[in-house]
Student: 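Structure in structure tokens, see below.
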Amino acid sequence: MVSAWAQETFKALKYRDYRVLWTGTLFSFLAFMMSSVVQSVVAFDLTGKNGAVGFVSLGMGIATILVSPFGGVVADRFSKRKLLFFGQTTIGLSFAVVGVLILTDQITILLLAASTLVLGLVFSFIGPARQAWVGELVPPDDLSNGIALQQMGMTATRILGPFLAAGLIALPFVGAGGTYLFMGGLFGFVVFTLWLLPASKPVVPTHRSFMQEMGMGVSHMRERPRLMLLSLSFIGVVIAGFSYMVILPGLLENELGRRPEDMAVLVGVSAISGFAVTLILAGKAGSGHAWTFMLGGGVVLGASLWMLALAPSFVAAMGAMFAVGAGASAFQLLSNALVMQEADQAYYGRVMSVTMLAWGANSLVAYPFGLLADGIGERETLMVMGSGVVAVTTAAWVTVLGIGRREAAAPVASVAGGD
């Protein structure tokens, strides 16, 4: 029984090149998850404001919104291996520079925001490229599992990353600056894994412009209602609910009487439940119940944000974050897997670049959400977030049911017309 479950859950790892890419991706996710904690701690320590934590995220949001559509076209037209090599080298150097600035007491909120701008620019290219490359390394029958395992790896780093970041920050001889240098070193290993991979598949030359290529990607999505719905609902849920990280430092200090650094515990708890959920759902990403599990995850995420808003103590907040992790991971894992199922391989990069817009928009709204929390309170802001997630998920559920009814009625109408 256990052996059969393991074979089904981890079947994409039997492909050597995918294993190498997955390992490199795991370490890049680890560094990125660490950065989300140390970046928030540094920003809050510099100013004591929720708005500052959100402001730092603006750089990544602006870059992602403006550049990610082009990043998808580039991912479909150029070598994915070269894109990842250049992009991940740039991120490693960026982390190292921020570490030096912190150690020399030269860091400012503006410089911290500039570093996230660099991250946003780079991720706009390597995010779609990495996902599209999975489509080349894994056969179609195992593609959903390959995408699910990518999500599982990211969720696992959400457990280790925050705790590792908090632990390193707490060490007097390491601190925030040393933690950034450590993250830069992790990307050195990530770049090394790329040397172990073969060149990505050659791309058929085209004389179409970037705008024409993007237009073809949009047309491809419009022709497939489920694909369009997946993309729009993903963007909506991420915008509405995934900025809770911005609120955590203020919630801890102003409402629960804890240190901002304790957000690492809350994030770690959510990651534990998220990892468990991805472990359960990884083998079911291609099943007929994927839509139900995905939308159910969205409802759980919204409801758990309400629970977090009402949490009377740190222990209660941990329980709410446990539910947050489960709902967010289920929704994200299955949404990404379903997107790749619904899209043609030639459009993987462009389709994934649309979902990348969600993270750019999320970074942009982090600042307004931070200001809202400063104005009306952290608890009230979390209630607004949870309500937004539930509203988007409910609308998506109603829409997909409508699509199903229209598809079921179409053959009947066709037969009637033929008679």
Side-chain angles (χ1 to χ4, degrees), residues 36-37 39-62 109 113 116 158 162 234-267 269-270 274 297-328 331-332 358-395:
S36 66
V37 173
Q39 168 186 302
S40 297
V41 169
V42 171
F44 195 79
D45 284 346
L46 284 173
T47 64
K49 297 290 186 181
N50 293 296
V53 180
F55 177 77
V56 168
S57 300
L58 275 178
M60 187 168 187
I62 292 171
I109 288 294
T116 69
R158 286 176 56 211
F234 184 77
I235 292 172
V237 168
V238 170
I239 289 175
F242 277 64
S243 290
Y244 64 84
M245 291 278 290
V246 176
I247 312 300
L248 290 183
L251 179 72
L252 286 165
E253 184 166 288
N254 300 328
E255 298 289 343
L256 300 177
R258 307 283 295 206
R259 300 176 306 156
E261 290 83 356
D262 287 339
M263 71 177 288
V265 177
L266 295 182
V267 175
V269 167
S270 72
V299 172
V300 171
L301 171 61
S304 59
L305 288 174
W306 291 336
M307 291 169 55
L308 182 61
L310 299 173
S313 65
F314 184 69
V315 173
M318 289 174 63
M321 286 298 293
F322 189 85
V324 166
F331 180 84
Q332 187 176 348
W359 301 113
N362 177 63
S363 297
L364 288 180
V365 300
Y367 184 43
F369 273 133
L371 294 177
L372 183 65
D374 288 333
I376 68 173
E378 291 83 6
R379 295 186 184 277
E380 292 77 4
T381 303
L382 287 169
M383 290 294 292
V384 171
M385 290 180 172
S387 299
V389 171
V390 171
V392 172
T393 307
T394 301

Student: Apply side-chain contact (heavy atoms from CB on, under 4.5 Å) to Ile376 and list each qualifying residue two or more places apart in sequence or on a separate chain.
Tutor: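 Listed in chain order: Leu372, Glu380, Thr381.
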Student: Identify the heavy atoms of Ala43 and Val56 that sit nearest to each other, and give their distance.
Tutor: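 Heavy atoms of Ala43 and Val56 come nearest at CB-CG2, 3.7 Å.
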Student: Can you tell me how far apart CD1 (Ile109) and OG1 (Thr47) are? Round to the nearest 0.5 Å.
Tutor: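 Separation between the atoms: 5.0 Å.
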Student: According to side-chain contact (heavy atoms from CB on, under 4.5 Å), who are the partners of Ser243, at least two apart in sequence or on a separate chain?
Tutor: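 In terms of side-chain contact (heavy atoms from CB on, under 4.5 Å), with neighbours along the sequence ignored, Ser243 is linked to Asn362, Val365, Ala366, Phe369, Met385.
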Student: Which donor-acceptor pairs under 3.5 Å do side chains of residues 306-321 form with protein atoms, sequence neighbours excluded?
Tutor:
residue: Trp306; atom: NE1; partner: Met383; partner atom: O; Å: 3.3
residue: Trp306; atom: NE1; partner: Ser387; partner atom: OG; Å: 3.3
residue: Ser313; atom: OG; partner: Ala316; partner atom: N; Å: 3.2

Student: Quick one: ring pair (Phe, Tyr, Trp, His ring centres under 6.0 Å) partners of Tyr244, sequence neighbours excluded?
Tutor: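 If we apply the ring pair (Phe, Tyr, Trp, His ring centres under 6.0 Å) test to Tyr244, skipping adjacent residues, there are no hits.
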Student: Give me the atom names and distance for the closest heavy-atom approach of Ile247 to Ala373.
Tutor: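 Scanning both residues completely, I find the closest heavy atoms to be CD1-CB, 3.7 Å.
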Student: To the closest 0.5 Å, what do you measure between CG (Leu256) and CG (Leu266)?
Tutor: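 Reported value, rounded in 0.5 Å steps: 8.0 Å.
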Student: What closest approach, in Å, do Phe242 and Val237 show between heavy atoms, and which atom pair accounts for it?
Tutor: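 Taking Phe242 first and Val237 second, the nearest heavy atoms are CD1-O, 3.7 Å.
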Student: May I ask you to decide if Val390's main-chain N or O and Thr393's side chain share a donor-acceptor pair within less than 3.5 Å?
Tutor: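 Answer holds: no.
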Student: Would you find a donor on one side and an acceptor on the other, under 3.5 Å apart, between the side chain of Ser270 and the backbone of Val324?
Tutor: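 Flag not set: sc Ser270 to bb Val324 has no pair under 3.5 Å.
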Student: Once rounded to the nearest 0.5 Å, what's the spacing between atom CG of Leu248 and atom CG of Leu382?
Tutor: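 Answer for the CG-CG pair, Leu248 versus Leu382, is 7.5 Å.
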Student: Begin from the C-alpha positions of Met245 and Met263 and carry the test side-chain contact (heavy atoms from CB on, under 4.5 Å) through to its verdict.
Tutor: CA-CA 8 Å; Met245 291 278 290; Met263 71 177 288; 3.7 Å; yes
Student: Any salt bridge (Lys or Arg N to Asp or Glu O under 4.0 Å) pairs touching residues 241-255, not counting sequence neighbours?
Tutor: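 Matches after skipping sequence neighbours: Glu255-Arg379.
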